[in-house]
Amino acid sequence: MSKPKPRRNPAPAVQDSATPARVPNLELQRDLFAIGALVLAVAVYRFVVLAQMPGPPGSDGGNWLAFTFGLFGDSPKAAESTYFPGALVVLKSLTLVLPTLIALKTMAVLSSVLAAVPLYFIARRACSMGVALFVTTLFLFAGYLSEMMTWGGYP
């Protein structure tokens with residue numbers, strides 16, 4: 001008896017209409033490149049705008065630094081922190097490789113631009129890449145100084 005030969009190209013499986021089609025890898029790469037380029041461009045712009053300032057605008061940056069130092073044993077404040085400690089750990093990590101105020105600016109800029117990434121992918125599910133980028137750009141330039149950097153908004 002001879003063994004049956006295995007099929008080289010089996011018929012494609014029928015896709016259930018309830019399960020969404022997989023996004024092609026090329027499309028995901030284009031989306032990641034598009035949102036990455038937009039976020040990087042806005043982050044560079046914000047660093048240029050903040051270049052002449054010692055830190056981000058507002059007084060909250062001082063609180064972030066004080067609570068970060070307090071979390072790691074060098075408490076310049078008497079008050080305890082009510083901020084999420086994960087953000088303070090990220091800020092502490094940045095202060096290990098950057099000067100303190102540059103680390104604070106970096107934290108402020110990154111937290112203000114990275115909020116656009118999930119927005120882009122939510123918009124992208126509903127519309128084209130161009131429309132999603134436009135909506136995301138509007139979000140990125142919609143008063144980021146008002147709340148994000150001046151009143152408790154960084155992370």
Side-chain angles (χ1 to χ4, degrees), residues 15-16 18-155:
Q15 182 174 348
D16 181 12
T19 59
R22 265 191 99 185
V23 177
N25 197 14
L26 182 61
E27 186 177 338
L28 179 60
Q29 288 176 354
R30 282 190 359 225
D31 282 334
L32 290 174
F33 177 78
I35 189 62
L38 177 62
V39 165
L40 181 63
V42 174
V44 168
Y45 168 76
R46 290 193 180 156
F47 274 113
V48 169
V49 168
L50 296 175
Q52 301 304 315
M53 299 178 180
S59 61
D60 203 53
N63 288 334
W64 279 99
L65 285 174
F67 291 134
T68 298
F69 293 143
L71 182 65
F72 290 94
D74 185 21
S75 183
K77 290 185 87 143
E80 292 298 316
S81 174
T82 58
Y83 289 113
F84 175 61
L88 303 178
V89 170
V90 172
L91 182 56
K92 179 63 174 178
S93 300
L94 289 171
T95 62
L96 296 175
V97 295
L98 296 170
T100 304
L101 292 178
I102 299 296
L104 185 62
K105 268 198 253 190
T106 301
M107 181 77 162
V109 169
L110 289 179
S111 62
S112 70
V113 297
L114 291 180
V117 174
L119 174 72
Y120 170 79
F121 283 104
I122 290 168
R124 185 65 176 98
R125 289 184 64 121
C127 53
S128 69
M129 180 190 297
V131 173
L133 283 172
F134 177 72
V135 168
T136 304
T137 302
L138 290 177
F139 172 79
L140 281 170
F141 285 102
Y144 75 95
L145 287 176
S146 62
E147 178 66 20
M148 193 62 77
M149 291 189 189
T150 58
W151 189 253
Y154 297 11

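Numbering of residues begins at 1 and proceeds along the displayed sequence. Hydrogens, waters and symmetry mates play no part in the numbers below; they use all other heavy atoms, side chains included.
- Every residue meeting the side chain to side chain contact (heavy atoms under 4.5 Å, CB included) condition with L40, not counting sequence neighbours, appears here in chain and number order: V44.
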Residues 132-142 side chain polar contacts: donor-acceptor under 3.5 Å, at least two apart:
{"unit_1": "T136", "atom_1": "OG1", "unit_2": "A132", "atom_2": "O", "d": "2.7"}
{"unit_1": "T137", "atom_1": "OG1", "unit_2": "L133", "atom_2": "O", "d": "2.7"}

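- R124 contributes atom CZ, which lies 5.0 Å from atom CD of E27 (distance to the nearest 0.5 angstrom).
- Between the CG atom in D31 and the OH atom in Y120 there is a gap of 3.5 Å [rounded to 0.5 Å].
- Note that CG of L94 and OG1 of T100 are 11.0 Å apart. Values are rounded to the nearest 0.5 Å.
- Qualifying side chain to side chain contact (heavy atoms under 4.5 Å, CB included) partners for I122, counting only residues two or more places apart in sequence or in other chains: none.
- Counting only heavy atoms from C-beta outward, the side chains of K92 and T95 approach each other to under 4.5 Å.
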